[in-house]
Amino acid sequence: MSGKVVVVGSLNMDLVTRAHRLPKAGETLAGESFATVPGGKGANQAVAAARLGARVAMIGCVGDDAYGEQLCAALIAEQIDCQGVTKVAGVSTGIASIVVDANSQNAIIIVAGGNGHLTPEVVTRFDALLVDADVVVCQLEVPTQTVFHTLRRARELGKTVVLNPAPALAALPAQWYSLIDYLIPNESEATALTGIAVDSLAGAESAARALLAAGAAKVIITLGEQGSLFASLEGVRHYPAPRVVPVDTTAAGDTFVGGFAAALAQGQSEDNAMQFGQTAAALSVTRAGAQPSIPTFLDVQGFKPA
Ligand code: RIB
């Protein structure tokens, strides 16, 4: 029986341009291709958890436009329970304008649209979904008071609580830390939260220790091609990433978070969940786009490192 992951977060339509490099300020560049692709950190993590073996429900908001319809259809196609996705009249659905360069690096600007309407009251309307969850996952593309409300409620219900602090805030409110079981930033988010440069494993370890000292129970810093670092009061462990040929890193972090949450929800050990999430993230980097790049459970099982 698969465990249940509930994601409270954003849904975006990604407007993706590929270009040989990212533009500089004031510059016009000719791009190579354009596509609209379902994304948003919350929806990506929901899709990852569903493809990677969990039962999943999503709580979020879209606008009353074609993008909103398409994003809901994409989640429903993954058997994700979308009763908690509310359509807000008179607003646009969230979008992300993404440029991917020839080195597979990206730059992203988001416009919140419907995501900005995910209030604590909306989450409370779907409280039954939280009650039914094993693992509750949040990010920061929705209002911070909604994230705080969800973390507090999930903690009160005794759920496993995962926060992916993305995009990064300068610092997390101090009272959030004790509500989080697994805090999962990437390098730049860990730097934003701690002020410590995360440009080496030693830097990542210092940042992780600072986040533990702030009160997070466990910290996982994702480090791109360097893999990830797991830290708790018992110690720190580095998980090197499987080697792959990168095509597009968009949603690699989301794939890790969704895969890690799915594995935990299914009763896997933290060690297994780390390896599973990391293999899933590595596979996602070999494919273009956000949700289209996320692998399935069978893809991960069949993965043979180069
Ligand atoms: O993490 C990747 C996601 O960030 C994209 O899908 C985009 O929507 C932005 O939210």
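All ligand and atom numbering here is 1-based and tracks the order in the structure. Note that the numbering runs from 1 along the sequence shown for the chain. Because the structure is a prediction, the values reported are computed rather than measured.
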Enumerated ligand 1 atoms positioned under 4.0 Å from heavy atoms of [X]:
X      : answer
Ala290 : 6 (O)
Ala96  : 7 (C), 8 (O)
Asn12  : 8 (O), 9 (C), 10 (O)
Gly39  : 6 (O), 8 (O)
Glu141 : 4 (O), 9 (C), 10 (O)

State whether the shortest distance between N or O atoms of Asp14 and N or O atoms of ligand 1 falls below 3.5 angstrom. yes
Using a 3.5 Å cut-off on N or O atoms only, is Gly40 in polar contact with ligand 1? yes
Could you tell me whether Lys218 and Glu234 make a salt bridge, using a distance below 4.0 angstrom between a side-chain N and a carboxylate O? no
Taking the basic N atoms (NZ, or NE/NH1/NH2) and the acidic carboxylate oxygens, is any pair closer than 4.0 Å for Asp65 and Lys87?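 Salt bridge absent between Asp65 and Lys87.
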If you draw a 6.0 Å radius around CD in Glu225, do more than 12 non-hydrogen atoms from other residues or ligands fall strictly inside? no
With hydrophobic residues grouped by side-chain heavy-atom distances under 4.5 Å, do Val135 and Ile59 end up in a single group? no
Protein contact of [atom] - nearest heavy atom, named by residue and atom, plus distance:
atom                   : result
atom 3 (C) of ligand 1 : Asn44 ND2, 3.6 Å
atom 4 (O) of ligand 1 : Lys41 NZ, 3.2 Å
atom 1 (O) of ligand 1 : Asp254 OD2, 2.7 Å

Using 30° and 60° as the class limits, which term best fits the ring planes of Phe276 and Phe297: parallel, tilted or perpendicular?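 If you compare the ring of Phe276 with that of Phe297, the planes turn out tilted.
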Give a yes or no answer on whether the side chain of Thr93 reaches the backbone of Gly63 with a donor-acceptor pair at less than 3.5 Å.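 Yes, because the side chain of Thr93 sits within donor-acceptor range (under 3.5 Å) of the backbone of Gly63.
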Under 3.5 Å side-chain donor-acceptor pair for Asp248 and Thr250: yes
